[in-house]
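Accompanying notes for the structure given below.
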Amino acid sequence: MRDKTVGFVGLGEMGGPMARNLLQAGHPLIVYDIDPAKNAKFASLGARVAPGPSEVARGSHVMISMVDTTAQAEQVIVGPGGFIEAAQPGDVVVSMSTIDPAAVISMQQRLAVKDIEIIDSPVTGMIEGAHKGTLKAYIGGEASSLEKCRPALSAMTSEVCHIGAHGQGIMMKLVNNVLAQAGRILVVEAMVMGAKAGIDPQVMIDVISKTSGNSAIFQHAAPRLLSRDFTGIRMDITIKDLELETKVAKAMSVPMFMANVAQQVYMMGKAAGLGDEDPAAIVKIYEHLTGISLARS
């Protein structure tokens, strides 16, 4: 039974629906979260609840970490009470968080001593994709390790892209994040400029959707500015990701002017108390500064 069981740590905004998709696909599941309420919810859905990450590893062959930060991932995977304490040779750790690529390489070296495998598998597709099982996973690590995890990944994603060696899956995610996170601010600035000039925001959406200004981030963010739907990935997570992106770029001597500016814009949102809202809520700062509103009447 252990060889068929998937372990999952981190049942939050993204991890919760991802773990639920595993259950719905018929995978035996053993879970852990620091929030007892989340554990209780998954127990009611048929998952087995472990008292900590090491016990998750003891009961599973493939174990997934879906937490927020690099420090949390390191604690879950190689820290005291982590996967490394109970995982068996040939087991595979799937690190699905957007964390420092160097940390994945370091963890791989520590796990390899015990013949435990790891892949980095960050995902894109936001919370909606987590619920629908349409996330895209970017993989760094050995192809043989990926194949051991593919059935579990297929239950949570619609596309699995093997990018390259350990850490390169996360690097691909960071590249994508820069475009989306900075692009969202451009969407806000453009929409506010047009509204200030008197153009109906819905007309702007209709027109831009058919022009060269269209993009995936425009289609995701622009309607939210009108509907005021600011639920989703927290702005605090966006700030965390941008800090990671600029740190990694600095280590490679790559200039990242726009990413640094974007981080400071989102920091204004955090300072204004918007950290728990979707990053599209940054429009509130621009609306305050310009005296207009994009809210649909």
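- The two residues V56 and F8 come nearest to each other via the heavy atoms CG1-N, 3.8 Å.
- Side-chain N or O atoms of Q88 include one that pairs as donor or acceptor with a backbone N or O of A86 at under 3.5 Å.
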(message) Checking Y32 against V76 for the side-chain contact (heavy atoms from CB on, under 4.5 Å) test, could you report, in this order, the C-alpha distance in whole Å, the side-chain angles of both residues, the deciding distance, and whether it holds?
(response) CA-CA 10 Å; Y32 172 73; V76 166; over 6 Å; no

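- Within a 6.0 Å radius of NZ in K270, other residues, nucleotides and ligands contribute 12 heavy atoms or fewer.
- At a threshold of 4.5 Å between side-chain heavy atoms, the hydrophobic network of Ile, Leu, Val, Met, Phe, Trp and Tyr places I99 and I34 in one connected group.
- A donor-acceptor pair under 3.5 Å links the side-chain atoms of H162 to the main chain of G164, judged by distance alone.
- Follow the hydrophobic side-chain contacts under 4.5 Å out from L29 and you never reach V9; the two are in separate clusters.
- Residues K196 and T290 bring no donor and acceptor atom of their side chains to less than 3.5 Å of each other.
- Of all heavy-atom pairs between R184 and Y266, the closest is NH1-OH, 3.1 Å.
- A chain of hydrophobic side-chain contacts below 4.5 Å, direct or via other Ile, Leu, Val, Met, Phe, Trp or Tyr residues, connects M18 to I233.
- When each of D120, V78, I84 is paired with M107, the side chain to side chain contact (heavy atoms under 4.5 Å, CB included) condition holds for V78 and for no other.
- Heavy-atom neighbours of Q24 CD from other residues, nucleotides or ligands within 6.0 Å: above the threshold of 12.
- V62 is listed as a side-chain neighbour of V94, based on a closest heavy-atom distance under 4.5 Å.
- For M268, the CE atom is densely surrounded, since the number of other residues' heavy atoms within 6.0 Å is greater than 12.
- Scored by the side chain to side chain donor-acceptor pair (under 3.5 Å) test, K41 finds no partners at all (sequence neighbours excluded).
- Within 6.0 Å of atom CZ in R228, more than 12 heavy atoms from other residues, nucleotides or ligands are found, so the atom counts as buried in its surroundings.
- With sequence neighbours left out, the side chain to side chain contact (heavy atoms under 4.5 Å, CB included) criterion links A102 to D100.
- Applying the side-chain hydrogen bond (donor to acceptor under 3.5 Å, both in side chains) test to pairs two or more places apart or on separate chains, those with a residue in residues 251-265 are E243-Q263.
- For the salt bridge (Lys or Arg N to Asp or Glu O under 4.0 Å) test, no residue two or more places apart in sequence or in another chain qualifies with D33.
- R296 pairs by the salt bridge (Lys or Arg N to Asp or Glu O under 4.0 Å) definition with nothing, not counting sequence neighbours.
- Nearest approach of M256 to A249, heavy atoms of both residues: CG-CB, 3.1 Å.
- Within the 4.5 Å cutoff, side-chain heavy atoms of T231 are placed close to those of D229.
- With respect to C149, the side chain to side chain contact (heavy atoms under 4.5 Å, CB included) criterion is satisfied by exactly one of I139, V92, V160, V93: V92.
- To the nearest 0.5 Å, atom CZ of residue F257 and atom OG1 of residue T246 are 13.5 Å apart.
- Side-chain N or O atoms of K240 include one that pairs as donor or acceptor with a backbone N or O of T98 at under 3.5 Å.
- The side chain to side chain donor-acceptor pair (under 3.5 Å) search around N21 returns none, not counting sequence neighbours.
- V175 shares a hydrophobic cluster with Y138, I163, M172; the chain of contacts runs through ILVMFWY side chains whose heavy atoms sit under 4.5 Å apart.
- Residues in residues 203-218 take part in these side-chain hydrogen bond (donor to acceptor under 3.5 Å, both in side chains) pairs, two or more places apart or across chains: Q202-D206, S209-Q219, N214-Q219.
- Within a 6.0 Å sphere centred on CG of L45, heavy atoms belonging to other residues, nucleotides or ligands number more than 12.
- Under the 4.5 Å side-chain criterion, counting only non-hydrogen atoms from C-beta, P201 is in contact with M191.
- Side-chain atoms of L135 and M14, non-hydrogen and from C-beta on, do get closer than 4.5 Å to each other.
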(request) Before giving the answer on side-chain contact (heavy atoms from CB on, under 4.5 Å), spell out for V248 and E245 the whole-Å C-alpha distance, their side-chain angles and the decisive distance to 0.1 Å. (result) CA-CA 5 Å; V248 169; E245 290 149 21; over 6 Å; no

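- The backbone N or O of V67 sits less than 3.5 Å from a side-chain atom of S97, completing a donor-acceptor pair.
- Under the rule for a side chain to side chain donor-acceptor pair (under 3.5 Å), the partners of K284 that lie at least two apart in sequence or sit in another chain are E277.
- Scanning all heavy atoms of the two residues, the minimum distance from A180 to I217 falls at O-CG1, 3.4 Å.
- Residues M267 and V265 fall within the same hydrophobic cluster, defined by Ile, Leu, Val, Met, Phe, Trp and Tyr side chains chained together at heavy-atom separations under 4.5 Å.
- We find the CG-CD1 distance between N177 and I237 to be 11.0 Å, quoted to the nearest 0.5 Å.
- Evaluation of the salt bridge (Lys or Arg N to Asp or Glu O under 4.0 Å) rule for E74 yields no partner, not counting sequence neighbours.
- Of all heavy-atom pairs between I116 and A87, the closest is CD1-CB, 3.6 Å.
- Linking Ile, Leu, Val, Met, Phe, Trp and Tyr residues whenever their side-chain heavy atoms come within less than 4.5 Å places F42 and L22 in a single cluster.
- To the nearest 0.5 Å, the span separating OG1 on T5 from CE on M63 amounts to 10.5 Å.
- Contact detail for L242 and A262: the closest heavy-atom pair is CD1-C, 4.1 Å.
- Proximity of a side-chain donor or acceptor of H166 to a complementary backbone N or O of I118 within less than 3.5 Å is detected.
- Of the inter-residue distances, the one linking S121 atom OG with L146 atom CG reads 8.0 Å to the nearest 0.5 angstrom.
- Interatomic distance, CE of M193 versus CD1 of I292, reported as 11.5 Å (0.5 Å rounding).
- Membership of an apolar cluster is not assigned to L179, as no side-chain contact below 4.5 Å to another ILVMFWY residue is traced.
- Partners of D68 according to the side chain to side chain donor-acceptor pair (under 3.5 Å) rule, which considers only residues two or more places apart in sequence or in another chain, are R234.
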(request) With side-chain contact (heavy atoms from CB on, under 4.5 Å) as the test, would you mind laying out the steps for V123 and M66 before giving the verdict? (result) CA-CA 10 Å; V123 291; M66 188 56 175; 4.2 Å; yes

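- Between the side chains of S145 and E117, at least one donor N or O lies within less than 3.5 Å of an accepting N or O.
- At a threshold of 4.5 Å between non-hydrogen side-chain atoms, the residues H131 and E128 do not count as touching.
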(message) For a side-chain contact (heavy atoms from CB on, under 4.5 Å) check, start with the C-alpha distance between D91 and F83, then their side-chain angles and the critical distance, and finish with the verdict.
(response) CA-CA 10 Å; D91 288 350; F83 291 158; over 6 Å; no

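- Looking at P279 and Q181, their side chains never come closer than 4.5 Å, going by heavy atoms from C-beta outward.
- In this structure, the side chains of Y286 and L294 stay at 4.5 Å or more apart for every pair of heavy atoms.
- The CG atom of D241 sits 7.5 Å away from atom CG of L174, with the distance rounded to the nearest 0.5 Å.
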